[in-house]
Amino acid sequence: MSEEATPESRLPVGTSTSDSGPPDTAPSIEESPKGESRPFDEERDGPVSESDALRSLTSDAGHDAAEQSEARRASAIADLISARLNADASGTRIGTLALFNETVSFGGGFHTGGARGTGTSRRVGAAVALDSAELIEYTELFVQPEGYDTALDDLCEQALLVLTGPPGSGRSATAVNLLSEATALSGTQDGGCHRLLDPSVLTEPGWEPPVKNCGYLAEVDEGPAGARDFGVRQLASVAAALRAAGCRLVLTGGHDLWLAATSASGSETFARHELAPLDPLVILERRVLGHAPEPDARAQLHELLKADNAISALREQPAARHAVHLASVITAKGDLTAAVAALRDPSDQVRSWFHQYRAPEAVAFALAAAVLEESSYLTVAEAAVKLHTALTPPEPAPPDLRFADRLGHEQQWIRLDSTGSGPLGAGGPPRVRFRGALLGQAILVHSWSTLDGRREAFLEWLRRLLGHRDLEVRARASVAAGVLAWADHHYAVNRFLTGWAGSTSWPQRQAAATALGVAGSRPESAEAVWKLLDEWARGGSTAYQRRLAGTAANAVGGILGRIAPDRAVGVLRSALDRGNDWGTLPSVAWGGVHLVHQGQAAALLGAYLDWSAPKDLSPMVVKTLSAFVFAASRPYERPSAETDASGVAGVPLLLSSLPEHGEQVAELWARALARRPVQDSALPALREWVDTYAPLCPGSLDRIAALLADVARRPGKHRERLYWWLDKWAADRDHPSANAAWLRRRI
């Protein structure tokens, strides 16, 4: 055992710049602040010698505040996302098997009621007549949308009405009601209402209605392809042909049909109307209670809907067809709870959406929103544009992408929330949010598992987000990687997580740590994650293996450490106890700080006492005590997510929480102050407690006095050492310490 350092020992060493921290501005992978190419992997491997490792813990430029802030922010966001994943908010859980066992059948179109007539309907040429039962289903309990009377007048006058709205908005039901009323108002022979089986026949030259004096419904497929010909060709001549035959036609479609019809030459010869969204609750009430419900019956219905979460389901999926479906379950006295659970199942929603929308612009925005949910619209749109570029062949000019225009049509599951007024809102820019809590994660899992040709481009895009200048974007990209990891742990570990964890790039190592925290919070993947972290922590001493161990230490300081603190300190010990290899000390020290900030100080301090029990100058003892001093020196900053720890902002948590863990803290301080080289960092850290942090934390000076009195009572030279240093600080010529003088008198 080495001799204790005497009070006359030299003052602590100075500081130097560490060789493993990211720049404060967190430049993107694509460019540096000067606009020059500067990939993150130009960082060096980090300290490996004892002196370098110890200096890195006292250097303000080492693993600096920017890295600490990123780790804390990423951990906070990971906590929130993990809570969503594990909350079972809709009665179902996301799982790879649940997502892909079944196929999805998409039929009947998006309308508020009535199946398309096929068996009993009469076919006339390229049209099929709606039978009386179908007409009653459409019209008897119909709820008129805003502007209905204006649309009816336009149809009567122009004979052709282009009616647009999102899928599920009741376009077909509105069209049938308009045609029925227009036919009745015309006073002509009622030839019924027919559905054109192939709307593209309208674009053929010389088209004429196959039956005169009747109404026609034509439903254009979603997307630009379905609407391509309608805005530039035959709509004007179709309107003329309809008027000549005493007929009327409603052409329904989505946003692309609206754009096509608006840009059509001769559009003054036909009418256009865009459906305003209907409250799905109003539709459900009408379908269940009729036109004049009794107040008591309405109140009972609302109680039933609230008890079975049906109102929440309709707010998440406000399409009219969903209201009609739930109404049919209620009127048939079916299982409403099961129907609501099926409606809110994120897996089914995602499968259905991807079944219909496959174009790169739709997929790109859905994935960008899934990764960056809660970010501003412009942030999400910019990321979606870059992903769209990766998913499509290069074009001579940038594509004209206007994602916001299509959100209510293709992306009905996404909403833009703004707390203020004006285009961006006085309260800040609009935020992109999914209507259902688990939809973003379901989209990621579904896309990762099914879009085989786009997986490589998506992964490269996700990796590039890790170099984004916005810390929140980097953190959310890391969380998205964690979702992929629990969806397919083995593939993710071998495909990208291990590469990130061993990278020379700090953002990629932090991303791997955050991703593993998210994956490990899921019961089905937790054991595999812990096994991987144990393996990395016990690895060899090459620079690559050292970085893997450092990433493992970083990972257990987050949500994993809060869930299983004993396993976390086990990983820290394996990463630290590597003989004369000191390269993992900074990462382990930071992992310890984060554990303390997760409310797990007891487990960490107990481990530090065990690891430093020999009280000699062996590498493990010096590393352990240095890590303790580092944890005692780091000021606390409360993250946005709730943790089990509470403290005073700007003050080390081990100080503000005293006398909690007082016995453990006193013993570790005694050991750290007793011998160099740990003494060189412990003494300035203690003076910071006395002069810098004590004034920020009411009552802390008394707690420090009690702590130092406990240290002074221990066998050895502890009392003499404390007296000597307190006297020295009190009499400091440049910065005399009144608090040190007061403490000297107290102890």
Side-chain angles (χ1 to χ4, degrees), residues 1-5 9-10 12-21 43-59 61-63 501-504 506 509 513 533-557 568-593 595 604-605 607-633 668 671-683 685:
M1 180 179 293
S2 302
E3 291 296 325
E4 291 187 349
S9 300
R10 60 178 174 82
V13 297
T15 60
S16 65
T17 302
S18 173
D19 50 7
S20 56
E43 296 178 11
R44 288 171 287 176
D45 289 334
V48 293
S49 69
E50 177 181 355
S51 59
D52 284 345
L54 294 178
R55 273 199 302 271
S56 74
L57 296 185
T58 59
S59 171
H63 286 260
S503 171
T504 55
W506 159 256
R509 295 198 302 274
L533 294 176
D534 287 333
E535 178 184 328
W536 285 354
R538 294 193 304 267
S541 58
T542 66
Y544 174 75
Q545 292 169 321
R546 195 181 303 120
R547 291 193 293 270
L548 290 179
T551 300
N554 188 9
V556 300
V569 297
V571 170
L572 291 181
R573 172 158 194 164
S574 296
L576 193 63
D577 192 6
R578 303 160 71 89
N580 289 321
D581 180 3
W582 291 74
T584 58
L585 175 58
S587 297
V588 172
W590 271 111
V593 170
L595 269 184
L604 181 73
L605 296 175
Y608 282 172
L609 286 173
D610 290 342
W611 304 346
S612 62
K615 300 182 183 180
D616 55 18
L617 291 180
S618 61
M620 187 61 180
V621 172
V622 175
K623 293 175 187 178
T624 299
L625 295 178
S626 298
F628 162 74
V629 172
F630 186 73
S633 305
L668 287 167
R671 295 179 186 180
L673 291 167
R675 293 173 182 80
R676 292 166 48 195
V678 182
Q679 185 190 71
D680 293 339
S681 60
L683 286 169

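Everything numeric in this text was worked out from a predicted model, so none of it was measured.
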Using modelled atom types and a 3.5 Å cut-off, is there a donor and acceptor pairing between side-chain atoms of R578 and backbone atoms of G540? yes

Can you confirm whether D581 sits close enough to P619 that some side-chain heavy atom of one is under 4.5 Å from a side-chain heavy atom of the other? no

What is the distance from atom OG of S612 to atom CZ of R671, rounded to the nearest 0.5 Å? 4.0 Å

Quick one about T584 and R546 (side-chain donor to acceptor, distance below 3.5 Å, no hydrogens or angles considered), yes or no? no

Taking the side chain as every heavy atom from C-beta outward, state whether V622 and P677 have any pair of such atoms under 4.5 Å apart. yes

Nearest 0.5 Å, please: how far is CG in L572 from OG in S587? 10.0 Å

Test side-chain contact (heavy atoms from CB on, under 4.5 Å) applied to L585 and W590, step by step: CA-CA 9 Å; L585 175 58; W590 271 111; over 6 Å; no

Considering residues at least two apart in sequence or located in another chain, which fulfil the side-chain hydrogen bond (donor to acceptor under 3.5 Å, both in side chains) criterion with Q545? T542

For a side-chain contact (heavy atoms from CB on, under 4.5 Å) check, start with the C-alpha distance between N554 and W506, then their side-chain angles and the critical distance, and finish with the verdict. CA-CA 11 Å; N554 188 9; W506 159 256; 3.8 Å; yes

For the OG1 atom of T624 and the OH atom of Y608, what is their distance to the nearest 0.5 Å? 7.5 Å

Compare every heavy atom of W536 with every heavy atom of T551, then report the nearest pair and how far apart it is. CG2-CZ3, 4.3 Å

Distance (rounded to the nearest 0.5 Å) between F628 CZ and L605 CG: 7.0 Å

Is there a side-chain contact (heavy atoms from CB on, under 4.5 Å) between L625 and V621 once you walk through the steps? CA-CA 6 Å; L625 295 178; V621 172; 4.0 Å; yes

Counting distance only, does the side-chain N/O of R509 pair as donor-acceptor with the main-chain N or O of S503 below 3.5 Å? yes

To the nearest 0.5 angstrom, please state how far the CG atom of L617 sits from the CZ atom of R675. 6.5 Å

Between A685 and V629 the two heavy atoms that sit nearest each other are CB-CG1, 3.8 Å

Okay, side chain of K623, backbone of G579: is any donor-acceptor separation there less than 3.5 Å? yes

Stepwise, does the side-chain contact (heavy atoms from CB on, under 4.5 Å) test hold for D534 with S574? CA-CA 7 Å; D534 287 333; S574 296; 5.5 Å; no

Does a side-chain heavy-atom distance below 4.5 Å link L673 with V678? no

Closest heavy-atom pair, P586 versus W582, reported as atoms and distance to 0.1 Å, is CD-O, 4.0 Å

Among residues at least two apart in sequence or on other chains, which ones pass side-chain hydrogen bond (donor to acceptor under 3.5 Å, both in side chains) with S626? none

For V556 and A553, which heavy atoms make the closest approach, and how far apart are they? CG2-O, 3.3 Å

Who are the side-chain hydrogen bond (donor to acceptor under 3.5 Å, both in side chains) partners of S541, not counting sequence neighbours? none

Exercise: identify the closest heavy-atom pair between L604 and G592: CD2-O, 3.3 Å

Shortest non-hydrogen contact from A537 toward V571: CB-O, 3.6 Å

